[in-house]
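Below is one structure, written out as structure tokens; the observations come after it.
Indexing begins at 1, ligand by ligand and atom by atom, following the structure's order. This one's a predicted model, so the numbers in the text were calculated from it and none came from an experiment.
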Amino acid sequence: MAWVEAGTIENIPAGRVALVHHEADDVRIAVCNVDGQFYAIEDVCTHDGGPLGQGELEGDEIECPRHGARFCVRDGRATLMPAVMPVRTFPIKIDGQRVLVGTESE
Ligand code: FES
């Protein structure tokens, strides 16, 4: 597991989303702060590739800015059409003030 820094606890306040690009895996990740708990999903909607991290985060659901599909950021499942497939999720680790996202590379 390789860990990349998405930001600090302070600069990703509750209700906000931080975007990080993991270059080794070439994956864009949206890190979401839900009432102080951090969750990470791929920044790519499973409906048609929309930039999920630019969508509105409401509670633990994020809305795709392209056609309005919603996903639970805790487990990635699609909760509203037109998306039906879940979005990929990633583990989060807090190291002091740093918010780290885990990806598959070594
Ligand atoms: S691309 Fe996200 S709802 Fe269509």
Side-chain angles (χ1 to χ4, degrees):
M1 185 73 65
W3 297 92
V4 291
E5 184 171 342
T8 63
I9 290 174
E10 203 169 65
N11 65 24
I12 315 172
R16 296 286 291 276
V17 180
L19 298 173
V20 61
H21 178 227
H22 188 277
E23 292 185 12
D25 283 348
D26 194 24
V27 63
R28 299 193 323 260
I29 300 171
V31 175
C32 307
N33 182 336
V34 178
D35 295 330
Q37 294 291 314
F38 291 90
Y39 301 95
I41 59 171
E42 189 166 4
D43 181 30
V44 179
C45 181
T46 59
H47 174 238
D48 195 24
L52 279 184
Q54 292 174 28
E56 200 70 32
L57 178 65
E58 277 181 36
D60 63 0
E61 291 194 351
I62 197 160
E63 183 175 297
C64 179
R66 285 194 63 192
H67 313 107
R70 294 173 73 99
F71 296 87
C72 175
V73 301
R74 296 177 194 269
D75 57 14
R77 79 196 138 87
T79 59
L80 190 69
M81 297 283 269
V84 289
M85 297 295 291
V87 69
R88 191 173 164 200
T89 61
F90 301 87
I92 290 279
K93 184 163 80 175
I94 305 297
D95 176 25
Q97 286 295 305
R98 301 190 310 149
V99 181
L100 307 172
V101 189
T103 65
E104 279 152 16
S105 19
E106 294 299 312

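Between L52 and D43, the shortest heavy-atom distance links the atoms N-OD1, 3.1 Å. What you find for V31 and F38 is that their closest heavy atoms are CG1-CD2, 4.0 Å. Between G49 and R66, the shortest heavy-atom contact is C-NH1, 4.3 Å. Closest approach of R74 and D60 over heavy atoms only: NE-OD2, 2.7 Å. Across every non-hydrogen atom of I12 and R16, the tightest pair is CG2-O, 4.0 Å.
Looking only at protein N/O/S atoms, the ones less than 2.8 Å from atom 2 (Fe) of ligand 1 make 2 in total.
Side chain of T46 to backbone of V87: no donor-acceptor contact under 3.5 angstrom is found.
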